[in-house]
Every structure is written in structure tokens, then in C-alpha cells.
Amino acid sequence: MSSMVMPALLSLLFALSFLFFAYIQQTEVSADMFRAASERFVNSPWQNNPRRTIHDVRGGSDVYKWVQQVFLNQLYMELPADGAPEGYCTATYPCRLSEGNVNHKDECSGPLIPGDRNCPSRLGVRASCCQQCVGTTCPEHSVPTRFGNLTANTSVLDVAANCAEQVPFWLTYLPQWKDDDPPNNRDENFTFCPERVGRVAKRGLMVGGYNLVLMGRLSLKRRKWVTSDSPIFSNAYPRKMPYRKTDAFSQRPAEEDMASFGQNTVYNYQRNAGFRRAGAFVEILNFDGPKHVILNKIAALRREGWFNLQQGSLVAELLVWNGNVERLLHTAIVFEHDFSGKTQTQVLVSSLAFNIHDTNSVSTYFLFFLYLVIIVCFVFFFRAQIEDISADYRAYLSEPMGYIKLALFCLCFYCIMQYFTIVFSYTFLNFRLPMKTSDFQEVAELTMNNEDLKVAVSVTTCLLFVQAIAECCTLIPQLQLLVHSMSVMKEHLAAFFVAFFIMVMGFALGGMFALGWKIREYGTMPYSILTVIEMMRGKSNYPSIISANHEFGDAYFLFFHFFFLIFQQFLLAILVIGYMKVRKRQADSEQVETPLRRIFRSVKSALLHLSANIRSRLISLQQIFFGTQATAKTVDYEQVARLRDKRATKPKIRNVLYEKRPGNDDESVDISKEIRLRAVEPFYPDGMMHYYVDEVEPESVAHDYKVQGFRLVGIFSKGSYDKEKFRSVQDFEQKYSKDPQQILSSISKADSLPVRLEFQGKVQPFSCECLTMAFLVTIFLIFVLQVARVQDSYSLTEIHRAELMGREWYEYHPTRIMDFRNISLNPSSYKQWMREAIYEGEMSCVGLLDQNAQTCIPAHGSDGDPFVRENWQLYVQSGSSLEALKLSSRPETADLDMSVSGFAPAAAEGMTVGFVPKGDVPVTTAIRFRTWNVGVMPNNHARVVLQIPCHVPVTNERFSADYPYRLSSLFRGCATKDCMGELLKEQQTCYSFDGAQHPAANVTGASTGIVYTYTTQAGAQGVVLGLGGTPAEAETVMDLLLQDHIHPISMTVQFVTYNGNMDMFTHSTVAFELEPTGVLSKNVHTVVYPLNIFTMGLTDFAEQRKSTNRALFITYVVAACLFLTLVLRDLLIQLQLTSLEKPWYYFIIDFFFEDVWNFLDVVCLVINGLVIDSIFRYMLIDGTFNLREGFQSWTDNFVFGLDASLNTQDAYEAFGKAARLYDTFITLSSLNGLCLLLRFAKYFRSVTSLRLVLTTLTAALQELFMISALIIIVLVAVVLLMHNRFGMVFHRYGTLESSSQSVFFFLIGSFDTADLYTSNPLFFLLVTVFFQVSFLVILNLLIAAIIYRWKDSRRDAEDFSVLSFWTLGSAQWYPFPLFFGYVFPYKVITPKKWVPLL
């Protein structure tokens, strides 16, 4: 037994271990890093009109344009430039003389001080730059030398005079100066020159916020030209390429020109260097310098011939480090030029985590344990293979599993050795920042080896699961059944797949020859095969086929689908026959207990033996609390039957017992005289006979059980239970001479007693429970369809989403079209989105409330000033009165009245910046969106909630030099949770990313001095900014925020509008969040709801429909209570049934296991309760109750205020709560509708035809479960393959969830695979063939199992017609009036065979 079980368990453990190992590679994190740092190179165009991206590059000149316009511009896009309003001058990176913009002295280097609008004109007239100190208050400046400190005063009146000497004498005193190279100037006067003051820290090049660019590399391979030997074309084509392209992945001297080249700089070919050590001309790109230095370097390479026609291939590589996740990302963009003029572009991404063995992390010890498990399993696997090969190598190699195991051994050995080679390499153990130029080759190679390892691990995991399935066949009969179904038909399956692949090749060749010259799908043979397989599985491709060749395309398309539609049915026929054969073989063979069942039985016995003492104590407690049962409980079957009859959805069961009379052992009981049966032939071929009780003797045993009209379905006699044999058609005709009474006579003999006859009655078609359920479903659906108002909600949602997500604008360097989906971290990017979507979109129209709805107030007045509300003022929470005074004098706030935070009115509660009324003022204006949607909030139509990040020092000395601070682990998902609140509980010390320390609860703006303070008031959790009620007011607040260098980790924009025509509010939320990987996640969530849930807007009969909705809701609550009553009644019945057979406290377990539908009953009850609860909570937001006024709530009492004061708050908290509750109600309602309709399927038992469907599914449950497990295993394997291979480059495979969705789409014929095939043609083709063939077989096995169960279940089926249902229903309701009369007596109007159904 153990010899079969242990290998299966070890195989399963081995597969699961590799699965966990593949998962902990964290491809999702690497994919997010690529999206944040490198995806921009792929999507950004290097030319517009026509738009051309990286995949449109053709030749070396286009590569140069891409490098110049996209690669470098995108790299330096987020780096602040000199004179930028934010980020260039900081405390960590102080500026030098005449650099800006600066706000504080800490932002200037050394003794330099900030000026006032003193920058060069190229930086703008409003910019302030660092300048020299003048006066007696200037500090002394000291220079440490080998001979002591030299000191000079930093007061500088004449910069030219102080900086006249090119090399000051004191440089010779520095320790770094060489003694044999002294300067010519020996003047001893030491004067201070401010131009020589530089930055203390090196500014790193960051992309995606948190990704530090370490280094880049260009690897060039040049084409080798040969002289044309054509006597005809040599004049026009004197030179040609001997090979189609120059391979960038390997070194091929015959294809490459390795000669040195260059005029000003000579470039030499480096063997075993460059990309993948394939040899190349290599140029390292160091991004420590400014952008123009790299641009000049690229321009110099162009002049030296790097981008001319002789460029065969070029690989641009980039190394990026993210300290938040401690992971290195390597991106390689490969250009290979074809001699046809086409360029093949590949984007290869790999990553490596350098701190996976951190002993301070708990996950590290789990990883060590996983290593141990994998190694132990591999040792056992290796030993097993050696033993099997040594025993009989011919038998080992004669089976396909033998070759799979050999391949598995090689892959496992490769994965283990490759992984240990990586983690124990010198580069992995000693990599640190800053990275040396000499380390680039080793680091890049290490990351690429790790990527190859991930793919190998994924393939190994798939094969390990195949092996585990093969090993488990001996343990699980259902799995063995599926495998044997294929093995018994292996010759036919082999013939089918040979013919299948021949036809696939034929259609692929035909398509390639006829269509490949014009459409990409048939351009190459592998791509043609992929296209044929996709079309066979449901992809159309019809438009592209027709566009290539109209006449041939129609014929090809029709014949293709017609052929494969028929041809695939042969596979189904083969598998059905194989399944039937194996099933018949199992039925004829003797049933043997499976090893797995024996193990479970042994474990159960051991547990019972070990727990004997505990059970004895429990029995003692039971006797104490529930009494002692002296004798075994006698089951009252008649009482059980009566209780079971009360359950409407189950057929009535009667067990009639005939036994010998006491004292007379030889006396027989003539059952045939007490019960008269009527035989009905089967309704299906190979079916069983039906024996209905036609008459019952009045004083017989059967008469007491009331079995009139029941069907005899089982006979228990002589210790055996017969449900099929006595109903055999052959026995009925030959053994019983077509007389059903002989069946009863044969079991009436004395030696057959006791005999128990099982009778089955009909299910009531119309029961109280069924009608109640139908009533509940109908009322609920009508009520929800009425109050949800889906069409109105969609209309309002769509106009807001179109405005927020549909706007487009231009951004430059490079020139590109931007929209909501590709907003970058550049402040100008989301500032532009705010302008397009908010200022000029949602808030573009400000109208007077008492005038025509189409009238908008002009954005600018007659004096040219932007329109602001004169009765509102800007409230600012400033650190000091001096800062407030400076703020009021800024150009942004010149047209606004201001209120400083010395006194915070109720209207400004929780706000850092926002607009409040000046006093008691009338509300005369409001935002009008699309004419009919009016802004609700009187003070601030929109508000922004910020989460300020907290960074902590990097403790790992290997990486802290260039990456000193990382994001706190608390700041994850801050757009939906209160990260700052959790931070305050933890009481951590916070720093900015640049290293400036700040309190956890607030941060002071660098430019304005505004104190951005965390608050939990007004329903917000974060820093709250009010955007006012006009576009100018909103833009002012956002400009102040952008100038203050706050850099929030998340930003949420909220606003509410009201549509009076529909009487519905729209609550919109736009959330931006910067992930630790640098990805900027974006989400728009809109909820449309009425405050009065029963209202129907301005529709016909609105008041009547509102009253109808109230009545429907009350009726729904009553119906839900009735349903609850029926479930409790059923539970009470179960309590009585359990009490008759066993201790009563088992009734809960029996309730669920006796009928699985009871699980759904409880689920429906819970969901209905939650739906009703959500409605009441929505109607009673901020509700109160008193005897005089009854229930009062904000939902009922909210009105638009025509006046505002300093005590008037914007009701964002209440509207946000209403939106959440209404969204919960809609979600629960949709789930409830689904569950109720599924629950209604319980009554399918009442209809004969539908009961057959349920019986078939129930009988096939084990097979369906096993096939579902196989489907899940194949899906997991393919999802893992696609995720690890394509997840980092393609966003739809970036996470396991999105990979699962994309792979599942393949099953329904939705293919989006062109880019996947381009990325790795052979790998993707093999995975596709494996996936499609596997599912073709598995799904046909599923159909085969259902066909077999259908065939088996219908043997016992009664009439398969709707007539029986209606006639039985009519009989049940007799003599109640139906239609315009009464049902006639049932026996008179129905055929003879329906008489027993009464």
C-alpha cells in the first residue's frame, strides 16, 4: 500500500514545491517596475503624423531617432531641470550660484543664500536663484588642507574679482593634489569664490518616482558587406549582405564586420562582451551627468558611424534599481535589421532580487525550508528513476512517461544548479551601490540567467504536475477512469491527431501560399500554424482573410470551419467509446478497495483508537446533560415518512416491511394479494420497467402506508438490496411472463422474509414552498429593476467617465498624445489632466442658479481677470503670520481674499486649503456639467484628499549609498485606506525621499509655507484641499500644491452633482496612487443614486410609481420573512427527524448533508437580510428617532441651501457614506438575484425532464469534480508559464489574476496573441498547441462522462414530457377553479397510464 501512496504524495509535494518557488519569484513586482520605468520606451512615439513607435523602426537612422527622441527624453523626463518650479533645488541637492528655483536657505550650497527673482532670463522672470552673500553677517568659509585650515570671509561684492584666478593656490595644499604638478599661481591671498561651491550629494536619475537608473549600454554589431558577383546588377548593387540579418544573440564571425572603425574615436570589437556575451562594439552610458552630455555622446556615435547602413543590430540595455522592493531590473531593447529593410524589435526584461535571504525577514526561513523540501524530493525522485531504469530500461523507455521523467530529471537538475549558481555567485553576494562600470556585464548576465531560470521552473512545474497526475491514477479511481479512457483508445487517438496535424499543416500551407504575401497572420509557417489553431478554437480572422483575397478567402474560410466542425466530432466519438468501454469493464470487474481509501480507513481507525479516552469522557458528559439511553432507539419509519412528506421538493418514500409472524416460522406472506402492480414499459431504450401500485388491499400493511399510486423502486430481501434487477425488461418478459404480480409472489416465500419494499411517490409540482419562492423571486426582481434604474445610472455615469477618462492633450519631448490611461509622474502631466478633465471639463461651466440653465458665466471678466466668487475667501492653514503674508502677496492669490488659520470656522473643518464664505452670504452660483447636472457643495465643488508618504532609512549598507531612503511598508494601497493614520499609530520617524525629516501628521510646503495637516474630520482620512466653486479657484489651489514639493503618495479627487430631471446624485471619485514599484495606478469610481430610494425622477406617473416601489419593498420584506419561516420550518422538521434516529444535536449537520440545497437556502437568507439591512441603513443615514417626529435621517432631510455661512460645511462625508451604502445595496442585489434564481432550480425535481438533468449532474459529480481538477491544473500550469515568460513585458499577464483571465479567454475563442508571438514565436506556439490540445481532450472527456451518466440515469426516468407536469399539477389543485370552470375528475379526463399518479 505504501509503495503506491508514497510516490504519489512525493510527486504531488514536489510539484507544489516548485509551484511555490515559481510564485515567490514575484514576477508581478518586476512587471510593475517595467511599467513604471521602461514601458515608456515601447509606447512613446518617436515620430508623429504618421505615428511611429519602437516597432516601426526601420534601419539605423530610425534607431538614432528613437534613442534621441524617446529613450533619452523619457529617461530624463522626471529629472528636474535648472529653473524648474519644484524639485531641482532641495535640502539634499542644494543649488550653486545662479541656479534655481529656491525657496529657503537650505536649498543653496554652502554660504550661498536665496535671492529674489534674480535668475537669468532663461529661467523666467519670477524665479529666484542662489546668490553670493554680501555684508558683515556672512559666515566664514574654511578649507581643510595638509597644513591646516585656510579661512576666508564669504562676503562677495565682486564675483569676477573673487573668481579671477583659474587655479587657486590653495589647491596644492589639498591631500589629493600631486606634488610634482604644482600650479603656476603662488599668491598667498585666499579669496572666496562662490562659483566653486558645488552640490554635496550626487543627484540620481529617477524614473517612475522610485526607480534609480544605474547605467546603460549600447552593443553594436556591424554588417559584413561582400562584393556583388552578379554580372547584370552589380553596377546598381555593388555590395550586398551575405546573410539575412546580423544575429544580436550570438557571435557569428561570418556575418559580422569586426574591424575597428571611427575617425575621432576608434571603436574596437570586444569578444565575449556586450549583450549576452555575443561580442559587439560596446559603449557604456553613464547617466550621472546632465541630459545634454548624453545627447552629445549619442550624436558623436552617430558621426562615427554607429547608426549608418552598416548597423546590423543594436541592443540598448538599461539597469534600474528600486530600493523599496530591493530588486534590479534589466531591460534590453534589441534591433535586428533584415536585408529586406525590415527591422525586428524585441523587448527583453529580466529582474533579480538581491536581498531574498534577509535573515531579519520571516519569509527567508520559509524559503530555506522550501529549498530543503525541493532537494529532498529531487533525491527521492532521482533514486526512483535509477531503480526503475535498472529494473527494466526497455519497459521504462517504452512508455511516454519514461521520456517525460527523463526530461523532468534534466530540467530539475538544471533549475537547482542554475539557482545555486546565481545565489552563490560573487556578483550576487557582493553587488552594491554605486555600481562600477566593470560590473555591468556580470550583473546584466545574472539577471538574464535568472529570467531563463524562471521559464525553466515554469516548464518543470508543468511536467511535475503531469507526473503527479500519472502517479495518482492508482489512488483515485475517477482519475484512473479518465486516463484509461484515453489509453484503451490510444491507437485511434494517435491516428486522429496524426490526421489532425496533417490537416492543420495543410490549411496552414494553403493560407501561407495564398494569403501570406499580404496579411501577417499567414506570413510564416509557424505563424500560419498558430492562426489555424486559433481559428479552429473560435477566432474569426475573416476580415483580414477577405482583405487579402476576396474570392479565395470566402472559400477558404467556409471550407475550413465546415471541415473542422465535422472533424472534431471524431475525437468526441473516440473518447465516448473509450469511456463506455472502461465503465463497462469496471462494472463487470470485482470492486476492489483503493489504496487511498485503505489509508484513510487505517488513519481513521488509528485516530479512533487514540481518541477512545476522550470519547469516553464525552459520552459521560452527554449522559450527565442529556440523560442515559438504556436501549437502542427504535426508528418509527411511519413517523419518518410523514415528516419527510412535508418537504415538497423531494419525492415521497415509503418502506413497507413484511416479516414472519411470531411463532410461525414456516408461514409465508402473500404480498401479491395485498398490492396490485401495473407495469409500464421504459420510456427510453435500455431503460427499466416501472411498476405502479394500482390497488391496495384495504386492511393490508401497505394500506397503512398509503402507497396508492406510488412506484416500486427497490426490494430488500435476503440481506441484499435490489434496485435494478427486478426491473429488467428481459426478466419481466421471460421470468415473470409480463405479470408484475409474479415479482411480488417470488418474494413472498418464507425463506425470503423479511422483505422491505421501497415505494416512491411523485413530487408536488405546486407546493407552498415553491410558490413562496417564486413569489419572493418575482417581487425582488421587480423591486430591484424598478429602484436600481440602471439605464439612468448608466447615462449619468457615462458622461462623467467620458469627461474624466476621455480627454486628450499633447506632451512634448517627445511629442505624444496623452490621456487618462497613460498619465505619467511628471507634475506637468497630471496638472494637464486636471486642466483638461476638471477645470475645462467638470467645472468648465459656472452658472447662476436663478437663470437659464444654458447660461454660463464667462471664465474671465471684462478686466481680463479670471472669474472667482466674490463672497468666498481662500482659507489657508499656514505655519505663521509671516508665511501667510507672503502667501497673500503671491501672484496666484492676488485676486482672492484670504483667511489665515488663526481661527478655523466650521466650514473649514478638516481642510488645509479651501474656500469658505466670508459670512452669511447667498448661494447664487453653482457648477453646471452638461447643462443639467448641478454641483451640490456650496463652498467647494470638488475636494482633494492627499496621503503624504513616509520614508525610512535603508539599513542595508550595500544599497544605502545611492538609495538612502525607501518607502515605509505601511504605505501600500493608500488610495483606499488610511496610511497616514496607521503611521501615526506606529509613531515612526518620517523622512522625505530626499532625506528631509518631517512630522508624520503634517508637512510644510517648501514654497508657500502651508502646513498640510492630516485629518479624520469631514469624512476624510488624509490631507484635505477644497478646490472652490470656479475653475480659477480650483487651479489656484492646485498650483499652490504643485509649488510646495509635497509629492503625495496618493491623491483622490471627489465631487458630487445632482440631476433634477432624474432626481439622482452622482458621486465621482478619481484616485491616483504611486506604488512602491513606481507604477501610477489610476481608478475612476462613479456611483449614481437617489436620496429617496423609491423615487423615479420626472417620469410619467412618478408619484404612483414611487408608491408602488414602497409597496414592493414592504411586500419583498414580507416575502423574505415567509421564506425565513419556511427554512425554519424545514429546520424544525430536520430536528424531529434527527431526534427519531440519533441524538437531536446532530440535526444541524443532517440539515445540510441531507440536502445540499440547504446550503444555498442559508446563503439566500443571509444575502436577503444584508440587502434589507443595506436599504434601511441607506434610508437612515445619521438617523434619529423621537416620539413626536418619528424617524429622521439625513437622507430624508437634505435640502439645497440657498444661503451659506462660516458654519456651513460641505456634506462630503454624508454623500460619500450614501454612495458606499448604495453601491453595497446594488452589489448585494445583483448577487441576491443570482442566488435566488439558482435556488429556484431546486424545484426542477418537480418536472420529470428537469429532474433527469439534475439526476445526471448529481450522478456525474465525482467525474465532474475530477475533470474540473484537471482543468484547474492545466490552467495553473499555462498561467504560470505565460505569467513568468510574458508577464513583465505585457500588462495583461503582469499578475496571476490578469494572466488567468487572458488564458481563460483562449477557451472562449478570444485571442490577442500577435505581440506574444512576436516576442517569442517558438515558445508561444508550443504553449498554444499544448494548451489547446489538452483542453480539446479534457472537455471532450467531460462530455463523455455526462453522456454516460445521462444514459445511465435515464434508465430510471419516467415520462419525458411536459404533459405529465401539467396534468399532475391540475390533479393537485383539483377541485379548485381553473380558468373559467373546474377541473373534471382526474380519472375521467386522463389516459389510463396517468391514473396511478393520483
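This one's a predicted model, so the numbers in the text were calculated from it and none came from an experiment.
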*Asks:* Using 0.5 Å steps for rounding, measure from the CG atom of Leu1280 to the CZ atom of Arg1285.
*Replies:* 13.5 Å
*Asks:* Using the six-membered ring wherever Trp is involved, compare the ring planes of Tyr1293 and Phe1286 and label them parallel, tilted or perpendicular (cut-offs 30° and 60°).
*Replies:* tilted
*Asks:* Are the side chains of Val1333 and Phe497 in touch, meaning some heavy atoms are under 4.5 Å apart?
*Replies:* yes
*Asks:* Is a side-chain N or O of Lys221 found less than 3.5 angstrom from the main chain of Ala278, in a donor-acceptor match?
*Replies:* yes
*Asks:* Which heavy-atom pair separates Ser540 from Pro543 by the least distance, and what is that distance?
*Replies:* OG-CD, 4.2 Å
*Asks:* Counting only heavy atoms not in Tyr414, do more than 12 sit closer than 6.0 Å to its OH atom?
*Replies:* yes
*Asks:* side-chain hydrogen bond (donor to acceptor under 3.5 Å, both in side chains) between Thr524 and Tyr1317: does it pass, once the steps are laid out?
*Replies:* CA-CA 11 Å; Thr524 63; Tyr1317 178 82; 3.3 Å; yes
*Asks:* When you look at OH of Tyr23, are more than 12 heavy atoms from neighbouring residues, nucleotides or ligands closer to it than 6.0 Å?
*Replies:* no
*Asks:* Quick one: sort the Phe507 and Phe560 rings into parallel, tilted or perpendicular, breaks at 30° and 60°.
*Replies:* perpendicular
*Asks:* If I compare all heavy atoms of Ile519 with all of Ser544, which pair ends up nearest, and what's the gap?
*Replies:* CG2-O, 3.4 Å
*Asks:* With a cut-off of 6.0 Å (strictly less than), are more than 12 heavy atoms of other residues, nucleotides or ligands near CZ of Phe413?
*Replies:* no
*Asks:* Find out whether Phe1304 and Gln1301 are in side-chain contact, i.e. whether some heavy atom of one side chain is under 4.5 Å from a heavy atom of the other.
*Replies:* no
*Asks:* Anything under 30° is parallel, anything over 60° is perpendicular, the rest tilted; go ahead and classify Tyr419 against Phe21.
*Replies:* perpendicular
*Asks:* Are the side chain of Asn450 and the backbone N or O of Ser351 linked by a donor-acceptor pair below 3.5 Å?
*Replies:* yes
*Asks:* Do the charged groups of Arg276 and Glu451 touch, with an N to O distance under 4.0 Å?
*Replies:* no
*Asks:* What distance do Leu464 atom CG and Ile404 atom CD1 have between them, rounded to the nearest 0.5 Å?
*Replies:* 11.5 Å
*Asks:* Is there a side-chain contact between Gln346 and Phe249, using heavy atoms and a 4.5 Å cut-off?
*Replies:* yes
*Asks:* Please report the shortest heavy-atom distance between Ser547 and Lys518, naming the atom on each side.
*Replies:* O-NZ, 3.2 Å
*Asks:* Testing the basics here: between Leu1325 and Ile529, what is the closest heavy-atom pair and its distance to 0.1 Å?
*Replies:* CD1-CG2, 4.1 Å
*Asks:* Mind checking the CG-CD spacing from Leu406 to Gln385? Nearest 0.5 Å is all I need.
*Replies:* 7.5 Å
*Asks:* Mind checking whether Leu575 and Met489 have side chains closer than 4.5 Å, heavy atoms only?
*Replies:* no
*Asks:* Would you confirm whether Lys224, through its side chain, and Pro253, through its main-chain N or O, come within 3.5 Å as a donor-acceptor pair?
*Replies:* yes
*Asks:* Angle between ring planes, Tyr522 versus Tyr556, binned at 30° and 60°: parallel, tilted or perpendicular?
*Replies:* perpendicular
*Asks:* At their closest point, which heavy atom of Ser17 faces which heavy atom of Ile374, and how far apart are they?
*Replies:* CB-CG1, 3.7 Å
*Asks:* Between Thr53 and Asp56, is there a side-chain heavy-atom distance shorter than 4.5 Å?
*Replies:* yes
*Asks:* Is any side-chain heavy atom of Phe18 closer than 4.5 Å to one of Val457?
*Replies:* yes
*Asks:* Looking at Lys1351, I'd like to know if its NZ atom is crowded, meaning that more than 12 non-hydrogen atoms belonging to other residues, nucleotides or ligands lie closer than 6.0 Å.
*Replies:* no
*Asks:* Measuring from Thr1256:OG1 to Arg1349:CZ, what's the distance to the nearest 0.5 Å?
*Replies:* 9.5 Å
*Asks:* Would you confirm whether Glu471, through its side chain, and Gln467, through its main-chain N or O, come within 3.5 Å as a donor-acceptor pair?
*Replies:* no
*Asks:* Of the options Asp1315, Val42, Thr343, Thr1318, which is the one that meets His55 in a side chain to side chain contact (heavy atoms under 4.5 Å, CB included)?
*Replies:* Val42
*Asks:* Taking the side chain as every heavy atom from C-beta outward, state whether Phe1323 and Leu1281 have any pair of such atoms under 4.5 Å apart.
*Replies:* yes
*Asks:* Would you say the side-chain atoms of Ser1302 pair up with the backbone N or O of Arg1292, donor to acceptor, closer than 3.5 Å?
*Replies:* yes
*Asks:* Start with the C-alpha distance between Phe570 and Phe496, add both sets of side-chain angles, then the distance that settles ring-ring contact (aromatic ring centres under 6.0 Å, His included), and finish with yes or no.
*Replies:* CA-CA 8 Å; Phe570 288 101; Phe496 171 83; 7.6 Å; no
*Asks:* Below 30° counts as parallel, above 60° as perpendicular, anything between as tilted: where do the rings of Phe378 and Phe381 land?
*Replies:* tilted
*Asks:* Are more than 12 heavy atoms from other residues, nucleotides or ligands located less than 6.0 Å from atom NE2 of His1291?
*Replies:* no
*Asks:* Within the 4.5 Å heavy-atom criterion, are Leu1270 and Val1274 side-chain neighbours or not?
*Replies:* no
*Asks:* Verify side-chain contact (heavy atoms from CB on, under 4.5 Å) between Ile1347 and Met580, making sure each step is shown before the conclusion.
*Replies:* CA-CA 9 Å; Ile1347 290 175; Met580 297 292 183; 3.9 Å; yes
